Amino acid sequence: MNYSNDDAWLKRFPELEILIPSETLQARVRELGCQIAQDYAANPPLLVGVLKGSLVFLADLMRSIPLPVSYDFVAISSYGAETQSTGQVRLIKDLDSPIHKRHVLVVEDIYDTGLTLSYLLGQLRQREPASLKVCTLLSKPERHQVEVDIAYCGFTIPDRFVVGYGLDYAERYRNLPFIAVLNG
Ligand code: IMP
């Protein structure tokens, strides 16, 4: 079986419906990387990934940015095994290094309600970075509760619970190379 083919994965995961195929994802991530490389040519950014969901996106994105970038991670408590936000947001892993006077680009998997991003941006802003912007792979406009300024967005999607490419349901599906809707 050739698992570079999305359809081959669906035979193993019949409960999924592909929303964004892997080729479309990869092409868009490369575009975002090119745009970021142009915008930050004079000021290579520190990429701040939000664990765990942004890991796959961050890994691909940084390899499309031909600049001397570095990266770091934060972890923020979120849904756990549920598909609905509890509204409770908490920093459970902080950055390893200070960001004062650095150009920081937060890399997030999805802007859903926006509670996570707005909390994180508030925390990071207090540390006075030289600049602070957000790159999100996905955005669900129908779910936004808090307005967050997004500099780079991969795809706008409908209000469906999605998995794959880093996004999980109860820690499953993060390794899928595409974004899929979980039926049932
Ligand atoms: P927020 O509601 O924008 O604060 O999103 C918080 C976190 O919930 C995101 O960073 C994701 O990790 C997770 N999340 C939101 N929507 C989905 C989804 O459709 N699938 C999987 N995880 C999601």
Side-chain angles (χ1 to χ4, degrees), residues 6 9-10 12-22 24-26 28-29 32 36 45-62 71-95 104-126 132-184:
D6 291 355
W9 285 74
L10 291 188
R12 295 269 176 143
F13 299 97
E15 68 279 25
L16 301 178
E17 192 185 313
I18 294 182
L19 185 66
I20 309 174
S22 50
T24 313
L25 264 181
Q26 294 297 333
R28 183 69 183 125
V29 171
L32 290 171
I36 290 166
L46 170 71
L47 304 175
V48 171
V50 185
L51 291 173
K52 300 178 188 169
S54 75
L55 176 81
V56 180
F57 177 40
L58 177 69
D60 282 345
L61 182 69
M62 68 182 171
Y71 64 88
D72 201 345
F73 290 102
V74 292
I76 292 176
S77 63
S78 72
Y79 300 0
E82 306 298 321
T83 58
Q84 292 295 310
S85 173
T86 55
Q88 300 286 321
V89 187
R90 197 165 49 94
L91 194 64
I92 49 179
K93 184 226 170 288
D94 204 341
L95 294 170
V104 174
L105 181 61
V106 171
V107 178
E108 177 61 306
D109 54 357
I110 187 164
Y111 170 12
D112 186 41
T113 63
L115 291 166
T116 307
L117 274 172
S118 97
Y119 168 81
L120 176 62
L121 292 173
Q123 295 284 317
L124 298 183
R125 213 169 275 125
Q126 289 174 14
L132 181 61
K133 290 188 177 171
V134 177
C135 175
T136 184
L137 177 67
L138 305 173
S139 173
K140 280 190 210 168
E142 292 160 62
R143 296 259 312 156
H144 295 177
Q145 286 177 24
V146 189
E147 274 315 306
V148 179
D149 191 14
I150 303 291
Y152 308 94
C153 176
F155 302 89
T156 294
I157 61 166
D159 181 10
R160 304 286 300 278
F161 192 81
V162 291
V163 295
Y165 202 68
L167 289 139
D168 74 310
Y169 172 69
E171 295 300 326
R172 290 188 63 198
Y173 304 115
R174 291 193 197 273
N175 59 322
L176 305 173
F178 46 78
I179 299 283
V181 171
L182 183 58
N183 287 318

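Predicted model, so just to flag it, every value in this text is computed and none were measured. Counting starts at 1 for both ligands and their atoms, following the listed order. The first residue in the sequence is number 1, and the count goes up from there.
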Chemist: At under 4.0 Å between heavy atoms, which part of Leu167 makes contact with ligand 1: side chain, backbone, both or neither?
Modeler: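 Side chain only; the backbone of Leu167 stays clear of ligand 1.
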
Chemist: To the closest 0.5 Å, what do you measure between CG (Leu25) and CG (Leu138)?
Modeler: 7.5 Å

Chemist: Could you grab the distance from atom CD1 of Ile76 to atom CD of Glu108, nearest 0.5 Å is fine?
Modeler: 7.0 Å

Chemist: Classify the ring geometry of Tyr71 against Phe73: parallel below 30°, tilted from 30° to 60°, perpendicular beyond 60°.
Modeler: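 If you compare the ring of Tyr71 with that of Phe73, the planes turn out perpendicular.
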
Chemist: Looking at every heavy atom in both Gly53 and Asp109, which two are closest together, and how far apart are they?
Modeler: CA-OD2, 3.3 Å

Chemist: Gly114 to ligand 1: N or O pair under 3.5 Å?
Modeler: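 N/O-N/O distance under 3.5 Å: yes.
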
Chemist: One pair to check against side-chain contact (heavy atoms from CB on, under 4.5 Å): Lys93 and Leu51. What are the steps and the verdict?
Modeler: CA-CA 9 Å; Lys93 184 226 170 288; Leu51 291 173; 4.3 Å; yes

Chemist: To the nearest 0.5 Å, what is the distance between CG on Leu167 and OG on Ser54?
Modeler: 9.5 Å

Chemist: So is Lys140 close enough to ligand 1, meaning a heavy atom under 4.0 angstrom away?
Modeler: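 Heavy atoms of Lys140 do come under 4.0 Å of ligand 1.
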
Chemist: Quick one: does Asp168 get within less than 4.0 Å of ligand 1, heavy atoms only?
Modeler: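 A heavy atom of Asp168 does come that close to ligand 1.
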
Chemist: Would you say CG of Asp149 has more than 12 non-hydrogen atoms from neighbouring residues, nucleotides or ligands within 6.0 angstrom?
Modeler: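 Not buried by this count: 12 neighbours or fewer within 6.0 Å.
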
Chemist: Hey, which atoms in ligand 1 end up nearer than 4.0 Å to a heavy atom of Glu108?
Modeler: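 Listed by number with element, the hits are 10 (O).
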
Chemist: Looking at ligand 1, would Val163 count as a contact under a 4.0 Å heavy-atom criterion?
Modeler: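 False for this residue.
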
Chemist: Give the atom numbers and elements of ligand 1 that come within less than 4.0 Å of a heavy atom of Thr113.
Modeler: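 Answer for ligand 1: 1 (P), 2 (O), 3 (O), 4 (O).
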
Chemist: Heavy atom to atom 10 (O) of ligand 1, shortest distance: which of Asp109, Leu138, Ile76, Leu120 holds it?
Modeler: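 Ranked by closest heavy atom to atom 10 (O) of ligand 1, first place is Asp109.
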
Chemist: N/O of Tyr111 under 3.5 Å from N/O of ligand 1, yes or no?
Modeler: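 For ligand 1, there is no N or O atom that lies under 3.5 Å from one belonging to Tyr111.
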
